[in-house]
Amino acid sequence: MPATHLEQGVDAVSERTQNRAQKSERRLAAQLAAQKAAEAKRRRQAWAGGLAGVAVVAILVTVFVLVAPGDDDETEPAAAGTPSAAASAPAGGVEGVELPEGADPALNTAPTVTAGEGELSELVVTPLIEGTGPKVESGQSIIANYVGVLYGDGEEFDSSWSRGQPATFPIGVGAVIPGWDQGLVGVTIGSRVQLDIPAELAYGTEPAGGRPAGPLRFVVDVLGVE
């Protein structure tokens with residue numbers, strides 16, 4: 001028997017209702033999927049932010065403060081660690097700075113620094129590699145790689161090489177220890193020099209803030225000035 005108009009109308013209404021229900025279910029599923037994706041993205045961002053914070057703290061912990069004794073509030077050159085803005089090529093395993101033109105390729109390699117001998121009563125500056133660039137002037141900011149050890153036993157306490165980039169800091173103006181100010185002004189760019197620094201020109205015999213006590217030995221590569 002053919003369906004009546006009433007039955008046909010009921011079937012049409014039922015079909016439209018089912019279609020609407022299916023569309024609503026699809027919209028709800030899409031909304032839930034979008035919410036889950038957004039929550040997952042927020043979790044990834046929070047995780048990445050946490051890792052970045054840990055990395056920054058780790059870097060700051062490893063940075064040694066190369067300021068003069070008693071200058072805790074001054075800008076710390078080693079912490080700056082900023083290469084020249086014009087630099088582009090890496091210097092060996094150190095990122096972000098190129099060697100001066102005509103510089104000895106040995107500056108691509110970290111030096112081996114050993115302990116000194118005997119008593120150290122005055123600053124001794126020993127050229128290890130003679131640079132051919134202009135001389136460092138007081139008031140300039142130098143770009144340098146360096147290794148610092150205790151003069152007595154050769155124990156390393158600081159190194160720009162271990163941080164992966166040279167340090168940039170003003171020289172000759174009291175921003176760093178006197179042994180650096182006195183020993184590096186006048187050094188030619190492209191040089192590697194050894195600075196044997198008595199305690200009175202370093203941090204003294206009983207320094208605060210975890211700084212090394214007594215005489216120190218640094219080997220410094222002068223890569224440029226700003």
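Atoms considered below: every heavy atom in the structure, side chains included; atoms not considered: hydrogens, waters and symmetry mates. Values in this document were obtained by computation on a predicted structure and should not be read as measured data.
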Is there side-chain contact between Leu223 and Leu99, with heavy atoms separated by less than 4.5 Å? yes
Taking the side chain as every heavy atom from C-beta outward, state whether Leu184 and Phe218 have any atom pair closer than 4.5 Å. no
Checking side chain to side chain contact (heavy atoms under 4.5 Å, CB included) for the pair Val149/Glu156: CA distance, chi angles, key distance, verdict? CA-CA 4 Å; Val149 304; Glu156 182 179 309; 4.1 Å; yes
My understanding is that a hydrophobic cluster links ILVMFWY residues whose side chain heavy atoms are under 4.5 Å apart, including indirect links. Using that, what else belongs to the cluster containing Tyr151? Leu120, Val124
For [X] and [Y], work out which heavy atoms get closest and say how close.
{"X": "Pro212", "Y": "Pro207", "answer": "O-CG, 3.6 Å"}
{"X": "Val220", "Y": "Ala144", "answer": "CG1-CB, 3.8 Å"}
{"X": "Ser160", "Y": "Asn145", "answer": "OG-OD1, 2.9 Å"}
{"X": "Thr168", "Y": "Ser141", "answer": "CG2-CB, 4.2 Å"}
{"X": "Gly214", "Y": "Ala202", "answer": "O-CB, 4.2 Å"}
{"X": "Ser138", "Y": "Val173", "answer": "OG-CG1, 4.5 Å"}

Could you name each residue pair satisfying side-chain hydrogen bond (donor to acceptor under 3.5 Å, both in side chains) that touches residues 181-202, not counting sequence neighbours? Thr188-Ser191, Arg192-Asp221, Gln194-Asp196, Asp196-Arg217
Contact list for residues 122-136, test side-chain hydrogen bond (donor to acceptor under 3.5 Å, both in side chains), sequence neighbours left out: none
Starting at [atom1] of [X], measure out to [atom2] of [Y] and round the result to the nearest 0.5 Å.
{"X": "Tyr203", "Y": "Ile197", "atom1": "OH", "atom2": "CD1", "answer": "8.0 Å"}
{"X": "Trp180", "Y": "Ile171", "atom1": "CH2", "atom2": "CD1", "answer": "7.0 Å"}
{"X": "Leu216", "Y": "Phe157", "atom1": "CG", "atom2": "CZ", "answer": "4.5 Å"}

Any chance you could lay out the salt bridge (charged side-chain N to carboxylate O under 4.0 Å, His left out) test for Asp158 and Arg211, step after step, and finish with the verdict? CA-CA 10 Å; Asp158 191 23; Arg211 294 167 174 151; over 6 Å; no
Side-chain heavy atoms nearer than 4.5 Å, only ILVMFWY residues, links allowed to pass through others: does that put Leu128 and Val147 together? yes
